[in-house]
Peer 1: 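One structure is given below, represented as structure tokens, and several questions about it will come after.
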Protein chains: 2
Amino acid sequence: MVTISDIAAALGVTPSTVSRALSGSPRVKEETRIAVERMAAEMGYERNIVASNLRKGRSDIVGIIVPRIHRNFFSNVIGGAESILEAAGYCVLICQTHERFDAEVKALRTLRNNQVAGVLMSHAIGSDNGKHIQEVLGDRIPLVQFDRVFSDLPGAKVVSNNFEGAYAATKHLVEQGYRRIGTLAGYMNSEAYAARLEGYRQALRDCGLPVDESLVHYDTIVRETGFDAGLKAIEAGCDALYSAGDFSALGAIEAARSKGLRIPEEFGIVGTANEAFTSLMTPKMSSLALNPFEMGRQAAQAFLSGEEGTVVVPMELKVRESSSRNEQQNLSTYA
Amino acid sequence: MVTISDIAAALGVTPSTVSRALSGSPRVKEETRIAVERMAAEMGYERNIVASNLRKGRSDIVGIIVPRIHRNFFSNVIGGAESILEAAGYCVLICQTHERFDAEVKALRTLRNNQVAGVLMSHAIGSDNGKHIQEVLGDRIPLVQFDRVFSDLPGAKVVSNNFEGAYAATKHLVEQGYRRIGTLAGYMNSEAYAARLEGYRQALRDCGLPVDESLVHYDTIVRETGFDAGLKAIEAGCDALYSAGDFSALGAIEAARSKGLRIPEEFGIVGTANEAFTSLMTPKMSSLALNPFEMGRQAAQAFLSGEEGTVVVPMELKVRESSSRNEQQNLSTYA
DNA sequence: AATCATTGTACAAACGTTTGTATTATTCGT
DNA sequence: ACGAATAATACAAACGTTTGTACAATGATT
């Protein structure tokens with residue numbers, strides 16, 4: 001491997017000059033800079049990033065920690081963040097926590113020990129608060145939280161307007177004539193889910209419907225728990241559900257189907273996240289779409305700018321068959 | 001940040017002893033090792049990985065390069081590889097190429113410059129051969145290819161039995177009574193797709209059916225191209241398709257539907273990859289399942305062991321509604 | 001008691017960069 | 001043409017670890 005010393009020797013200058021030339025310092029003459037660049041290209045030089053990082057005390061790696069990369073939402077956030085960070089000369093180190101607290105701590109340690117320039121993360125369901133995050137990261141490594149955030153941690157945050165989104169989804173169900181609407185609320189240690197639950201409650205109140213706490217099903221985030229909660233909801237006389245997740249909504253649909261209920265005529269449902277399968281299944285599932293690519297972009301921007309505020313990315317309700325009782329709209333092939 | 005020198009100073013020994021103690025060298029006395037370990041824990045020491053990497057000339061990072069992380073197949077490969085690598089003390093750096101050649105080269109450079117311990121990769125469709133891979137990686141960085149491999153590159157390879165799988169899928173269609181079976185073959189610069197195409201051809205031959213090359217649709221890998229090729233296939237009188245991808249199969253289904261054909265009665269289809277949506281849509285799509293998690297595990301194992309052979313991971317045909325014309329099996333809710 | 005293994009530690013040189021300070025070359029005003 | 005100011009480069013020390021070699025201490029062997 002060719003080093004800056006090799007280039008320096010070849011040109012009869014010192015390594016420091018080469019280093020400055022290559023990093024575009026104004027302290028080297030235009031002429032030498034060009035000579036250095038040409039020689040570097042000729043000799044096939046490439047900067048040893050590890051050495052550079054050691055000296056500088058930080059790297060050009062930005063760590064992204066997500067519960068699971070295969071979730072549509074998270075892989076799109078990553079894609080959005082990547083698009084910004086790559087252009088800015090960073091590369092991206094992705095870690096999965098599989099929703100486990102210990103894996104999250106380990107990921108944080110790994111990133112810190114690799115001296116990442118910053119961390120973008122959405123915490124695991126297994127994390128109750130952000131103490132461990134602050135502990136591992138300290139105040140040297142900038143943190144940007146997205147989607148699932150601990151609002152008492154410092155640093156920028158990018159969130160969806162969960163309250164308004166869930167409000168709209170619930171109101172939509174009411175407008176479709178459903179009257180006993182339950183919810184699959186998710187985990188309350190996530191502020192995102194808590195906000196959705198509040199939006200659901202407020203919508204019911206504003207529509208003059210009672211808020212029946214027995215229709216709120218907590219800890220429902222995957223297909224299986226959605227199925228179980230769906231059965232209970234039907235048992236309790238629900239005619240519709242707003243689910244804070246798509247997979248649990250899918251479970252609930254399966255529950256309704258297993259009870260012989262027709263969707264959307266006898267049972268309506270709106271999920272959240274707009275996973276790919278929602279528009280491929282039959283009936284097509286209505287879903288409250290997040291805007292993950294944009295969230296990723298915003299998170300990356302926040303990291304780059306260093307600003308600490310909270311960015312809100314709006315959600316969009318995708319009305320499809322599973323909640324369209326009034327006018328059965330005929331959706332196009334690609335909807 | 002506390003360094004080994006701090007620990008050394010605190011104990012009255014030298015940094016080298018501390019380093020050896022912490023890495024478990026037999027050259028330090030049990031007693032001192034324990035003292036060092038205690039002091040390290042007490043002072044909250046954590047090894048500076050960047051410095052360590054610089055000195056050792058390599059890192060504990062294994063790079064994984066995939067076309068797109070959100071594909072079910074790839075995210076599962078990553079999951080499988082992670083499960084092995086993490087246990088072995090490595091961490092994983094994930095790069096996406098978005099099927100673009102230039103992005104692939106850039107990812108390779110990034111990984112090499114970060115002195116990764118090894119690279120696991122599945123090349124982009126945009127790559128015609130592996131010259132750039134060998135060029136960037138040299139012979140210092142071990143390479144393991146999976147799924148899409150260039151067989152003339154050195155290093156271990158993990159592949160599916162694409163020939164046998166496609167053979168089985170095609171034969172299944174014949175057994176279901178389809179007689180004019182086309183294929184959405186994918187890109188021929190990928191050996192995986194080429195092998196599937198051969199399996200398809202051989203199955204037709206073995207079943208005594210003619211191989212009509214006009215029914216082979218190349219470059220069909222996404223929904224849109226699948227739709228277009230599906231229309232052409234129907235035009236040409238096909239009554240079934242074996243698709244080397246699920247998304248293109250989905251497009252073909254939509255094409256058949258747009259022509260008013262009933263599935264599977266009038267048109268049968270089998271996809272490949274067993275994407276999540278295949279079992280959620282209506283009709284449920286038959287698919288030739290890869291075993292991505294296992295492939296990831298095998299790739300990681302191959303990296304760890306340093307063995308150079310080719311590992312074959314078997315595929316499994318998931319027969320569902322889209323190709324079940326004979327006996328309409330009633331599949332369970334969770335199938 | 002002197003010699004020789006053996007064991008444990010210390011010393012010091014790397015790894016390739018970056019960067020503060022010192023030094024030399026150049027330019028400019030007078 | 002000389003000194004001052006400025007520009008360009010050289011020098012050298014870091015960043016924190018690892019590791020080959022040298023050294024000292026211990027114990028065994030004759």
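This is a predicted model, so every value here is computed, not measured. Proteins come first, then strands; the chains are lettered A, B, ... in the order of their sequence lines, and each starts at number 1.
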Peer 1: Select one nucleotide: of dT18(C), dA8(D), dG8(C), the one nearest the side-chain heavy atoms of K29(B).
Peer 2: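 Of the candidates, dG8(C) comes closest.
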Peer 1: Please tell me whether T17(A) and T14(A) have a donor and an acceptor in their side chains that are separated by less than 3.5 angstrom.
Peer 2: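 T14(A) and T17(A) do have a side-chain donor-acceptor pair below 3.5 Å.
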Peer 1: Measure from the side-chain heavy atoms of R20(A) and tell me the nearest of dT19(C), dG16(D), dA10(C).
Peer 2: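 Selected nucleotide: dT19(C).
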Peer 1: Which of parallel (below 30°), tilted (30 to 60°) and perpendicular (above 60°) describes F303(A) and Y90(A)?
Peer 2: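 Perpendicular.
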Peer 1: Between dT9(D) atom C1' and E30(A) atom CD, what is the distance in whole Å?
Peer 2: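 Result: 16 Å.
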Peer 1: Figure out the CG/C1' separation between D60(B) and dT17(D), and round it to whole Å.
Peer 2: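 From D60(B) CG to dT17(D) C1': 13 Å.
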Peer 1: For the side chain of S16(A), starting at C-beta, report the closest nucleotide among dG16(C), dC11(D), dT17(D).
Peer 2: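 The listed nucleotide nearest to S16(A)'s side chain is dC11(D).
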Peer 1: Using the side-chain heavy atoms of T17(A), tell me which of these nucleotides is nearest: dA10(D), dA10(C), dT9(C).
Peer 2: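 So the nucleotide nearest the side chain must be dA10(D).
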Peer 1: Would you indicate which nucleotide in dG16(C), dG20(D), dA14(C) comes nearest to any side-chain atom of R27(B)?
Peer 2: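 Of all the options, the side chain of R27(B) is nearest to dG20(D).
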Peer 1: Is K106(A) paired with E82(B) through a side-chain N to carboxylate O contact shorter than 4.0 Å?
Peer 2: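 Here E82(B) does not pair with K106(A) in a salt bridge, since their nearest N and O are not under 4.0 Å apart.
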Peer 1: Ignoring the backbone of T32(A), work out which of dT9(D), dT19(C), dT17(C) is nearest its side chain.
Peer 2: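 The nucleotide sitting nearest to the side chain is dT9(D).
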Peer 1: May I ask you to test the L153(A)-Q145(A) pair for a side-chain heavy-atom distance under 4.5 Å?
Peer 2: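 Yes. Closest side-chain heavy atoms under 4.5 Å.
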Peer 1: Taking only the side-chain nitrogens and oxygens of S52(A), find out if one of them lies under 4.0 Å from OP1 or OP2 of dG16(C).
Peer 2: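 No, S52(A) has no side-chain N/O under 4.0 Å of OP1/OP2 on dG16(C).
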Peer 1: Within this structure, what is the CZ-to-P distance between R112(B) and dG16(C), rounded to whole angstrom?
Peer 2: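 It is 14 Å, rounded to the nearest whole Å.
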Peer 1: Check the distance between dG16(D)'s P and N114(A)'s CG and give it to me in whole angstrom.
Peer 2: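 For the pair N114(A) CG and dG16(D) P, the rounded distance is 15 Å.
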Peer 1: Give T3(B) one of three labels, base, sugar-phosphate or nothing, depending on what nucleic acid heavy atoms sit under 4.0 Å from its own.
Peer 2: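 Contact class for T3(B): sugar-phosphate only.
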Peer 1: Name the nucleic acid region contacted by V13(A), choosing base, sugar-phosphate or nothing; use a 4.0 angstrom heavy-atom cut-off, strictly under.
Peer 2: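 The residue V13(A) makes sugar-phosphate contact but no base contact.
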Peer 1: I'd like to know if the side chain of T97(A) reaches the main chain of E99(A), judged simply by a donor and an acceptor atom lying under 3.5 Å from each other, with no hydrogens or angles considered.
Peer 2: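 Yes; judged by distance alone, with no hydrogens or angles, the pair exists.
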Peer 1: Return no unless some side-chain N or O of T14(B) is found under 4.0 Å from OP1 or OP2 of dA10(C).
Peer 2: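 It does, given that an N or O in the side chain of T14(B) lies less than 4.0 Å from OP1 or OP2 of dA10(C).
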Peer 1: Could you check which of dC15(C), dG8(C), dA10(D) has an atom nearest any side-chain atom of L54(B)?
Peer 2: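 Nearest listed nucleotide: dC15(C).
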Peer 1: Which whole-number value in Å describes the distance from I4(B) CD1 to dA10(C) C1'?
Peer 2: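 Distance check: I4(B) CD1 to dA10(C) C1' gives 13 Å.
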Peer 1: Please state how far atom CG in N113(A) lies from atom P in dT17(D), giving the value in whole angstrom units.
Peer 2: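 Taking atom P of dT17(D) as the reference, CG of N113(A) is at 10 Å.
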Peer 1: Given atom CD1 of I7(B) and atom P of dG16(D), what is their separation to the nearest angstrom?
Peer 2: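 Between P of dG16(D) and CD1 of I7(B): 13 Å.
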Peer 1: Specify the separation, in whole Å, of atom CG of L11(A) and atom P of dA10(D).
Peer 2: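 The answer, rounded to whole Å, is 10 Å.
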Peer 1: Record whether the side chain of R55(A) comes under 3.5 Å of the base of dG20(C) through a donor-acceptor pair of N or O atoms.
Peer 2: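 Side chain to base: no pair present.
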Peer 1: Regarding S23(A) and S25(A), do their side chains bring together a donor and an acceptor under 3.5 Å, going by distance alone?
Peer 2: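 S23(A) vs S25(A): no donor-acceptor pair found between side chains.
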Peer 1: Nearest to the side chain of R47(A), which nucleotide is it out of dT9(C), dT18(C), dT19(D)?
Peer 2: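 Shortest atom-to-atom distance from the side chain points to dT18(C).
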Peer 1: If the cut-off is 4.0 Å, is S19(B) near the phosphate of dT19(D), judged by side-chain N/O to OP1 or OP2?
Peer 2: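 Looking at the OP1 and OP2 atoms of dT19(D), neither is under 4.0 Å from any side-chain N or O of S19(B).
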